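One structure is given here, and the rest of the page talks about it.
So you know, we letter chains A, B, ... as the sequences are listed, proteins then strands, and number each from 1. Note that this is a predicted model, so its numbers are computed, not measured.
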Number of protein chains: 2
Amino acid sequence: MRQQPDDLAHVVGYVLKHAQASLRTRMDDTLRPLGLSTPQYVCMELLSRAPGISSSDLARNAFVTRQTMSTLLRGLQDRGLVERPEQAPSGRARPTALSPEGARLLALAQARADAVDAQMVAGLTAAQTRDLLRYLEKCIDALEGDDAGRTDATAPTDETAPDER
Amino acid sequence: MRQQPDDLAHVVGYVLKHAQASLRTRMDDTLRPLGLSTPQYVCMELLSRAPGISSSDLARNAFVTRQTMSTLLRGLQDRGLVERPEQAPSGRARPTALSPEGARLLALAQARADAVDAQMVAGLTAAQTRDLLRYLEKCIDALEGDDAGRTDATAPTDETAPDER
DNA sequence: TGACGCATGTCAGTAGTCTGACATACGGTC
DNA sequence: GACCGTATGTCAGACTACTGACATGCGTCA
């Protein structure tokens, strides 16, 4: 028998993680036939929208560290899907871009990825999807805001108490 | 200058990932002082809600594979935070539970984690939070539903549909 | 009873991801 | 020109996490 404590269903973080995990799994399954992982696809997607972007900027937009993006890029470069000059034209940033072959592969991947994204919100109306995006943005702002990283995260019972209108 | 293609702001999957990444970062920062990672905390949280659960069930509820949960549990076990019998009482499943020390540590972690979760939805009204949860659940259902994995039409008869509220 | 299906746990290998640390390059100020 | 802060890229080490494969235990059904 399978045990499952689903009283976690009202914990936003838990549900958020569940949704993300499901999306990731579905995305991986969809892209695997093309030989791409989800992170690789995201990287290429970003490259197509901002050719010549640096690895660090790429990392920020993909929500990973520079180091992670660096290893990711190396893999794509070894497969000839992205191109970057040996030497930086200025400073240390090396502008990165998709190779023609990378662009071709991306086109195939985009069609599949878009389908998954569409499927995810298939049960929502356009208005509900808009609201979902708005609410998620608000959550992001609340987590990343200036006063978000306060170390004095004590007060366990202080502000959680108010009966939330 | 920093390049960023934010025309991705309306791609649900991208925003979802952003939110999850922010939450994960904030959660890691919050739990690090206690010597716990987010996955470890999730594992202990589940254990406290379902003592005696098996590693496989734990994995399902934490949205990771059995293998990942197995290594996670080993780490926690080595630190004396969880306990499991050497031999399974029946079958292969070994019931796992928190040790007293694990329970103590979890209590501290919960207070911090709850604060982060509350902070995340601080900018939303109670009604909006409810909607957010409902929309996310719908997305999950759409991704995990029967005809979600169209690649192999095995058509399992277990269909989880009937109990749709 | 024995073959089969299914779930559990585990090992091996690989990929993704993080923190920490270091060297390098640019832009300011003095 | 020298110094300092910041940004970039990279190496090293560790943890998280996945796929693939295998052995074991339980149940069903011919």
For A:Arg24 and C:dG16, give me the distance from atom CZ to atom C1', rounded to whole Å.
7 Å

If you assign A:Gln67 and A:Gln40 each to the DNA chain C nucleotide with the nearest heavy atom, which residue ends up on the more 5' nucleotide?
A:Gln40

From C:dC11, D:dG9, C:dT17, nucleotide with atom closest to B:Arg74 side chain:
C:dC11

Taking C-beta and beyond as the side chain, do B:Gln77 and B:Glu83 meet within less than 4.5 Å on heavy atoms?
no

I need the CG-P distance between A:Leu36 and C:dT14, as an integer number of Å.
20 Å

Less than 4.0 angstrom between a side-chain N/O of B:Thr71 and OP1 or OP2 of D:dC15, yes or no?
no

A:Gln77 CD to D:dG9 C1', in whole Å, measures 13 Å

By nearest atom, which of the nucleotides C:dC18, D:dA17, C:dT8 is closest to the A:Val64 side chain?
C:dC18

So, are B:Lys138 and B:Asp141 salt-bridged, with charged N and O less than 4.0 Å apart?
no

Taking the nucleotide of DNA chain D with the nearest heavy atom to each, does B:Arg66 or B:Leu72 sit closer to the 5' end?
B:Leu72

Mind checking if A:Thr68 touches a base, just sugar-phosphate, or nothing, with heavy atoms under 4.0 Å?
base

Integer-rounded Å distance: D:dG9 C1' and A:Ile53 CD1:
15 Å

Choosing from D:dG9, C:dT19, C:dG16, which nucleotide comes nearest the side chain of A:Thr65?
C:dT19

Given DNA chain D, 5'-ward residue of the pair A:Arg32 and A:Ser55, judged by closest heavy atom
A:Ser55

Of the listed D:dA12, C:dG16, D:dG20, the closest approach to the A:Pro39 side chain comes from C:dG16

With a 4.0 Å cut-off on N to O distance, would you call A:Arg32 and A:Asp28 a salt bridge?
no

Is the closest side-chain heavy-atom distance between A:Val15 and A:His10 below 4.5 Å?
no

Can you tell me the distance, in whole Å, between the CG atom of A:Leu31 and the P atom of C:dG16?
12 Å

Atom CG of A:Leu73 and atom C1' of C:dG16: how far apart are they, to the nearest Å?
13 Å

Considering just the side-chain nitrogens and oxygens of B:Arg94, establish if one lies under 4.0 Å of OP1 or OP2 belonging to C:dT10.
yes

Classify B:Ser37 by what it touches in the nucleic acid, base, sugar-phosphate, or nothing, heavy-atom distance under 4.0 Å.
sugar-phosphate

C:dA7 P sits how many Å from B:Leu58 CG, rounded?
18 Å

Is any side-chain heavy atom of A:Thr96 closer than 4.5 Å to a side-chain heavy atom of A:Ser54?
no

What is the separation between atom CG on B:Asp28 and atom P on C:dT19, rounded to the nearest whole Å?
7 Å

